[in-house]
Amino acid sequence: MSMGEKSAYDVLYERGFIEQVTEEEPIRELLKGKGITCYIGFDPTAASLHIGSLVPIMSLVHMQLCGHRPIALVGGGTALIGDPSGKTEMRRIMTRDEIDVNAEAIKGQLSQYLDFGEGKALLLNNADWLADLNYVEFLRDIGRCFSVNRMLTAESYRMRLEKGLSFIEFNYMLLQSYDFYYLCKQYGCILQMGGNDQWGNILAGIDLTRRLEEKKTYGMTFPLLATSQGHKMGKTEKGTVWLDASLTTPYDYFQYWINTEDADVKRFLSLFTLLPIEEIRKSEKLVDSELNMAKAVLAFEATKITHGHDAAVAAWGAAVNTFGLKPVSPDLFPSSSIPRTHMSQDISAVPTVAKTREEFVTGIPAFELFYDVDLCASKGEARRVISQGGGYVNGEQIQAFDEKISIKHLNENGEIDLRKGKKQHRKIKVS
RNA sequence: GGAGGGGUUCCCGAGUGGUCAAAGGGAGCAGACUGUAAAUCUGCCGGCGAAGCCUACGGAGGUUCAAGUCCUCCCCCCUCCA
């Protein structure tokens, strides 16, 4: 490795990934080399990962880029139990089938980010070794290594002792510890990473591995993702932004990032893009329209990583057309592949609904159309929104909620542009 | 197993038998101001609708002209005691 090259630790540190490590110096040394095997677990509690998982995912991406071997562990087995960490109450217990379906979907998603080619990374499911454990054997071999007294002092459990904690959840820590032990033994994994709420579970795994294998292992946690407003972006929050294109379109995904608060731009560029940190640092002093360009770059690069270059370009193009997004100056973020000039009128990324010409001959009341194209969740909401001045056809504010939208609103391309508020567009293609 | 306290609309949380689609806060949506930002202010915030109707307060029954509010049984959660 050449002198100037950054180690994985340096990269993760300077990009703001590291919240806590078990032992800073040894880990720093360890990551200077190559071929370290590390792992992060992903819970298959939903059919798709969401933005909250992006920090762990990106950390694995960096590890791989630095020549290490990440293991992405889908928690098909642990999900059967339910992790109480960071939860204020017990989660619904999921069925085996639900979890299996989710686990498969998540495997596919992780493949978008990591190269699971031979020896480069591993994609495992802990159901493979947890589901068939024998209870008595497990208690004798693993259970004896855990002190209940000590477990009760863990923050994640202490919190739950106020509200109630079931025995099944109390065992989660043992299973996750067993995972680490297992991965260490089978794959030589010596570093477990995860969100900061995983700190207790990670420490427990390190202890177990030392007791059973007499091997030294390490842990690292990431800050839990929140906006500078303190809003969580977790999956239990409203408005979840999924990584699956069918749940959150690339266009909406792009829009999510471009709406980033000013104060978060630099941090998010560091965490969610692969742009060189030196270029990102320069974004700190950007203001006004240049800061918005930085947001465009953030949105573009983040969308590219998740949905690919073409989808990112399409989403960018739609933003240019719809919001008059300015092209990014060539001297800002030179490493970004964001298009720097306007291109042809491609706003295909704006959700489009096909309609027949007949439907518009007599005209359709605006509120019904808003409901129909899914801009509003109910006709009642549509009435309210339009009555309050939040409805637009072709950029013109709609005056009455039952105003008829008809063929006279068609533009030269045979389209009608509907808009709710400032940001939510829907295009109607009439044929 | 015993005693007590709870389960309310997306979340938290108030709720005297009628004036409860249900206070208040948060989230969300829209308007103004802006930079597709934040902050702030304003309006909205179960569904369908012209009035009005329908669906909701853990579940099932019951009392009543009328029940989130009373009774019975069941389910779940919490606290203390065993």
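Protein chains get the first letters and strands the later ones, always in sequence-line order, with residue 1 at the start of each.
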Quick one: closest heavy-atom pair of A:Gln109 and A:Leu243, and the distance? NE2-C, 3.7 Å
Using the ring pair (Phe, Tyr, Trp, His ring centres under 6.0 Å) rule, take A:Phe300 and A:Phe254 through it: C-alpha gap first, then chi angles, then the decisive distance, then the call. CA-CA 7 Å; A:Phe300 178 84; A:Phe254 183 96; 7.3 Å; no
Atom-to-atom span, CG of A:Asp262 to P of B:rU34 - whole angstrom: 16 Å
Salt bridge between A:Glu278 and A:Lys6, side-chain N to carboxylate O under 4.0 Å? yes
Taking atom P of B:rU36 as reference, at what distance in whole Å does atom CZ of A:Phe254 sit? 13 Å
Would you mind classifying the nucleic acid contact of A:Ile386 as base, sugar-phosphate or nothing, using non-hydrogen atoms under 4.0 angstrom? nothing
What is the base-pairing partner of B:rU16, counting Watson-Crick and G-U wobble geometry with both distances under 3.5 Å? none
Describe the nucleic acid contact of A:Ser387 in one word from base, sugar-phosphate, nothing, applying a heavy-atom distance below 4.0 Å. nothing
Could you work out the separation of B:rG25 and B:rC45 based on their C1' atoms and round it to a whole Å? 14 Å
Do the charged groups of A:Asp262 and A:Lys295 touch, with an N to O distance under 4.0 Å? yes
Under 3.5 Å, N/O pairs linking protein and nucleotides 45-48 of chain B:
{"unit_1": "B:rG47", "atom_1": "OP1", "unit_2": "A:Ser378", "atom_2": "OG", "d": "2.6"}
{"unit_1": "B:rC48", "atom_1": "OP1", "unit_2": "A:Lys379", "atom_2": "N", "d": "2.7"}
{"unit_1": "B:rC48", "atom_1": "OP2", "unit_2": "A:Gly380", "atom_2": "N", "d": "2.7"}

Ignoring the backbone of A:Lys420, work out which of B:rC29, B:rG31, B:rU34 is nearest its side chain. B:rC29
If I take atom CD in residue A:Gln255 and atom P in nucleotide B:rA37, what distance separates them, rounded to the nearest angstrom? 10 Å
Please tell me which of A:Glu368 and A:Phe323 maps to the more 5' nucleotide of RNA chain B, matching each residue to the nucleotide holding its nearest heavy atom. A:Phe323
Nucleotide of B:rG35, B:rU36, B:rA38 approaching A:Asn292 most closely (side-chain heavy atoms): B:rG35
Distance-only polar pair, side chains of A:Thr221 and A:Glu19, donor-acceptor under 3.5 Å: no
Any strand counts, and the cut-off is 3.5 Å on both contacts for Watson-Crick or G-U wobble. Which nucleotide pairs with B:rA32? B:rU40
Please state how far atom CZ in A:Phe367 lies from atom C1' in B:rA50, giving the value in whole angstrom units. 12 Å
Tell me whether A:Lys304 is salt-bridged to A:Glu301, with the criterion being a basic N under 4.0 Å from an acidic carboxylate O. yes
Gap in Å between the two P atoms, one belonging to B:rA38 and one to B:rA32, rounded: 15 Å
Roughly how far apart, to the nearest Å, are B:rC75 and B:rG61 at atom C1'? 15 Å
Of the options B:rU36, B:rC44, B:rC29, whose atoms approach the side-chain atoms of A:Gln388 most closely? B:rC44
Work out how far the C1' atom of B:rC71 is from that of B:rC77, and round it to whole angstrom. 23 Å
Charged N to carboxylate O under 4.0 angstrom, A:Asp207 versus A:Arg150? yes
I'd like the C1' distance from B:rC11 over to B:rC74, given in whole Å. 28 Å
Look at A:Glu290 together with A:Lys326 and state whether they make a salt bridge at an N to O cut-off of under 4.0 Å. no
Looking at A:Tyr256, does any N or O in its side chain come under 4.0 Å of the phosphate oxygens OP1/OP2 on B:rA37? no
